[in-house]
Each structure stands twice: as C-alpha cells, then as structure tokens.
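Source: prediction; values computed, not measured. As a basis for the values below, the full set of heavy atoms in this structure was taken, side chains included, without hydrogen atoms, waters or symmetry mates. Every number for a ligand or one of its atoms is a count from 1 in the order of the listing.
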Amino acid sequence: LSESLSISFFGATQTVTGSKYLLRTGKINILVDCGIFQGSPEVEQRNFSPFPIDPASIDAVILTHAHIDHCGYLPCLVKNGYSGEILCTPATAALLHILLPDAGRLQEEQAAYANKKGYSRYRPALPLYTSDDALRALERLRQIPFETPTEITRHIVFTPRPAGHILGACFLMTEVFLRRRTVRILFSGDLGRYQQIIMNPPSPPPDADYVLLESTYGDRLHPKTPVDLAIGDIVRRIAHQGGVLLIPSFAVGRTQQILYILRRLEESGEIPRLPVFVDSPMAIDATDLYRRFAMDPNLNLPDSAADASPFQCGHLTLVRSQEESKSLNSRDGPMIIIAGSGMCDGGRITHHLKHRLEDPRNAVLLVGYQAEGTRGRLLKDGAKTVMIHGRPVSVNAKILALEGLSAHADRDDLLRWLRGLSNPPTEIFIVHGELPAATALQAEIRSSLGWHATIPPYLHTAAL
Ligand SMILES: [Zn+2]
C-alpha cells in the first residue's frame, strides 16, 4: 500500500444520526457503519442526496451495531450499486434481519401516506427504499467473530470488541499496514455504560493513533438512582388500584431490561405477579434473540443453562396479532402492557394511550429518551391533554419518566473508557453528538486528559 490514508465523515457529524465513515487508502475504500439520518427535515433530506462517492467503488462495509442510525442506509447503498460484503457480528446480523425489512416497510408506509395527504414536495413521494431492497442488502451479510482479527485485505485488519451498548454491539480496532508505517484507528461505535442492567461494561480500548469517539451524552451525567426501586413503586401502586401500567418501549434492549427487572422484583417478592403483555411482534422477536445469543459478550445474564429464560416474568403473554392487541382494551387491570413506539408517536402504544390515559388509576412509565415534538415528550412535560387520532384525550393517569435505563455512556463513562488508552492518541475525532454535547466533551478531554480532540464537520476529510 502507498502511504496515503484518510477518513471522510459522511454522517454523525455534530448530530447523532447517519453514522458513516469512509476509510480510504490509495486503492481501497472501506465504509464503517452505514446509518440513516433521522430528525429534522433538513437532516433527513441528506438521505435522499446522492452518496458522496460511487457505492460501487466501496470494497467492504463493516458495522458496529444494529441500530438503524448505524445500518439503516444499507439498502440504499446496495440499491445504488454496492456489491461487496457487509461484515458484522453474529447477533448484529440476526438483529438486522428483524430491523432492516421493518425499516423498509416504514419507508413505504410514509411515502404512501405523504401521497395520500399530498404533503410531499415530490410527486409522487417515493420511499427511500422498500422492504425488498432491505432483503437484498441482507444477502450481503457476512458474520465475523468478536476479538478475532478479520482481514479485509492483507493490509487492513479489523478486530471487533464488545461495546456494552446493545446485543451484538462492538467497537472496532483497525490496523492499516502501509509501506512504512502502521496506523491504528479506533471506531467507538456507540458505547454502553459501566453500570447497567443485563449488559456488561464496554471492553477497555487498545492503544490507537486515531479515535472516533461518540458523544451522544458528552455533556451529561445519568442519574444514579436505581431504576428497580422506582419500577417497584409504580407496579405496587398499579396493583393496589387495579390500574393499567403502560410502558412505551423500544423493541431492542429496553424491553428486555424491563422484563428482566420485573422478573427480578417478582422473585424477590417486592411486587405481586401481575399479567404482563408484550404487545409488539418486533420486541417479541428481539427478546428471542437476546435469549438465543445469551453468550454474546455484551450480555450479562444469569447462567443461561440454569436460567433458560431470564425474561420470563410470572404471567407473561406475547401479543402478535392486531386483534389480540385491540382486545386488551376491554380487559380490566391490574396489568402491565409493554408496547412501541418508545416515544409514543406511533405503533400499538397509541391505542392503549387513547383508552387508558383518562383513568387516574392508570400510569405511564416512560423509560427512554423522549425527543422534542413527540407525544412522549408532551406527556413527560406534563401536558394535560394530548391529541390522539385527531381527538383530544385528557391525561389523568400518573406519568413517570425514568432516565436511568439509557444504553449510552454518559460523560464520565466516555472519559473512563478513554482513560483505558495507555498513550494519548494523535487525534480524537468527536462524532455522534449534537454540537453542545460534542463541544462539552472536547473541553473535558482537553482539561482532564490534556489530549487533542476535534469535531469534524459534515463531509470533512482528514488525512491520517
Ligand atoms: Zn446505538
């Protein structure tokens, strides 16, 4: 290989979505992560712009994990000419089989809806990709094991190590053997926390010349109060009043943590065994994978041989069909319903909210991030009424928001991980964070470690 080596930032620059980094030597192009942009219309518009280089000129794609902001652009890349392999850990591959076709379906539904309402700037509005495009991307997957160096070419080697973020998640140690020097680049992906339920902390980082570091919560510290105490309180209250506890939840990671906590509280006698309904086919499939991949090094579950299903609370019902989901509306409490979406903006949780918000015996437990402008955020901020299916619904149910279940490292976790490097890297590129979070983390790295860190802008290329 010649001596030239560069990295281009095609996403997750001063924002938390669209992770895509192009590692380029004289001849070889490797894309690390292939995420979709999500959020404001300006940011999402980037999904529809031509890819910055011809996808056919990319030699390999390698993924850190299955969250859609790290892999959701893959079907587009393949549709537009990428024909190489997509490398990822075994559990990530299994999760992609659930998440990517669903993302395609969602794109199709959104385009159809925009056409029906006539609000798209494009006529007709076309989906970014379809579920068939997603299936074609899945054909390109190749599984690579944790902790084992995988050669892309003889000169470029990737080693995935557990990031403690979600099932299958890794950070990537990359070694590029140039003619006169070896360059080591560390892609953090998304890092988990040092204290979390059912997950191990991130592995320590090996030394590197360059680090791409996520900064989602680079300006924040997560609350230290144990979440199971708060969950125990609200469940006992529901049981006492004969109410319904709604838990809007993300399908991957969060749902499994909730089920695990409920089970543990039941077993220690802190809460009674209530009927629990997981009303989400995707969450049911994801829970199955958390069981099947119990040996994934990110997971920290009780000995899987002795405890075949750590997510099985006493009276658990898995709800797949729409009819069964609707039939829950006429059921009396006490009971617990876990359904998506996690921010209450769509999915089956909507009809449960419509039927249960007005009754003061009920409660809603928000367990995830609630973005500005979502119905979940309105509830969290204490709205007295919310609109659901075009009708106002009064909020008399108790609303409780828990922030302790985040799957992302906070500022102290990120610094603790960085301190695992025994030598300062030449440069740290701060990515995957809104500008205030990235800037705060940059200042913290400078003041507490004395290391050099920059915040690359969108489409920036840095020579390494
Ligand atoms: Zn993630």
Side-chain angles (χ1 to χ4, degrees), residues 9-21 31-39 43 61-74 86 88-89 91-96 98-100 102-103 146 160-172 186-194 196-203 205 211-218 220 222 249-257 282-283 286 289-290 293 296-299 340-343 367-371 403 405-411 413-414 417 430-434 437-438 441:
F9 300 86
F10 291 167
T13 49
Q14 303 172 20
T15 180
V16 289
T17 64
S19 284
K20 290 181 213 77
Y21 312 109
L31 190 66
V32 178
D33 278 346
C34 189
I36 199 167
F37 288 104
Q38 294 169 306
V43 167
V61 176
I62 185 161
L63 303 177
T64 60
H65 65 290
H67 275 151
I68 221 71
D69 60 318
H70 292 256
C71 67
Y73 191 80
L74 284 170
I86 299 166
C88 62
T89 65
T92 294
L95 282 169
L96 287 179
I98 302 177
L99 296 170
L100 278 189
D102 186 76
F146 275 99
R161 305 190 75 174
H165 173 56
I166 58 165
L167 179 69
C170 66
F171 61 80
L172 291 165
L186 194 52
F187 295 89
S188 78
D190 286 355
L191 294 170
R193 303 167 60 184
Y194 282 86
Q196 51 182 339
I197 289 159
I198 72 168
M199 302 297 291
N200 281 318
S203 290
V211 180
L212 273 77
L213 180 66
E214 71 121 324
S215 59
T216 317
Y217 290 114
R220 250 170 295 171
H222 294 313
S249 180
F250 301 102
V252 180
R254 201 59 44 88
T255 297
Q256 293 75 36
Q257 287 177 318
M282 194 193 274
L289 292 185
Y290 269 70
F293 288 91
D296 183 275
N298 287 287
L299 296 193
S341 75
M343 296 195 254
V367 289
Y369 180 71
Q370 306 297 325
E403 282 166 14
L405 281 172
S406 171
H408 274 280
D410 66 11
R411 188 196 68 199
D413 291 323
L414 291 168
W417 187 75
I430 300 181
V431 294
H432 200 288
E434 301 292 343
L441 186 63

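H432 and T216 are linked by a side-chain donor-acceptor pair at a separation below 3.5 angstrom, with hydrogens and angles left out of the test.
At least one N/O/S atom of H165, whether from backbone or side chain, sits less than 2.8 Å from the Zn ion (ligand 1).
Side chain of D410 to main chain of H222: a donor-acceptor pair is present (N/O by atom type, distance under 3.5 Å, no hydrogens or angles). In this structure, the side chain of Q196 does not engage the main chain of Y194 through any donor-acceptor pair within 3.5 Å.
The CE atom of M199 sits 4.5 Å away from the CG atom of N298 when rounded to the nearest 0.5 Å.
The angle H65:NE2 - the Zn ion (ligand 1) - D190:OD2 amounts to 90°, with values rounded to 10 degrees.
Distances from the Zn ion (ligand 1) to the N/O/S atoms of H67 are shortest for ND1.
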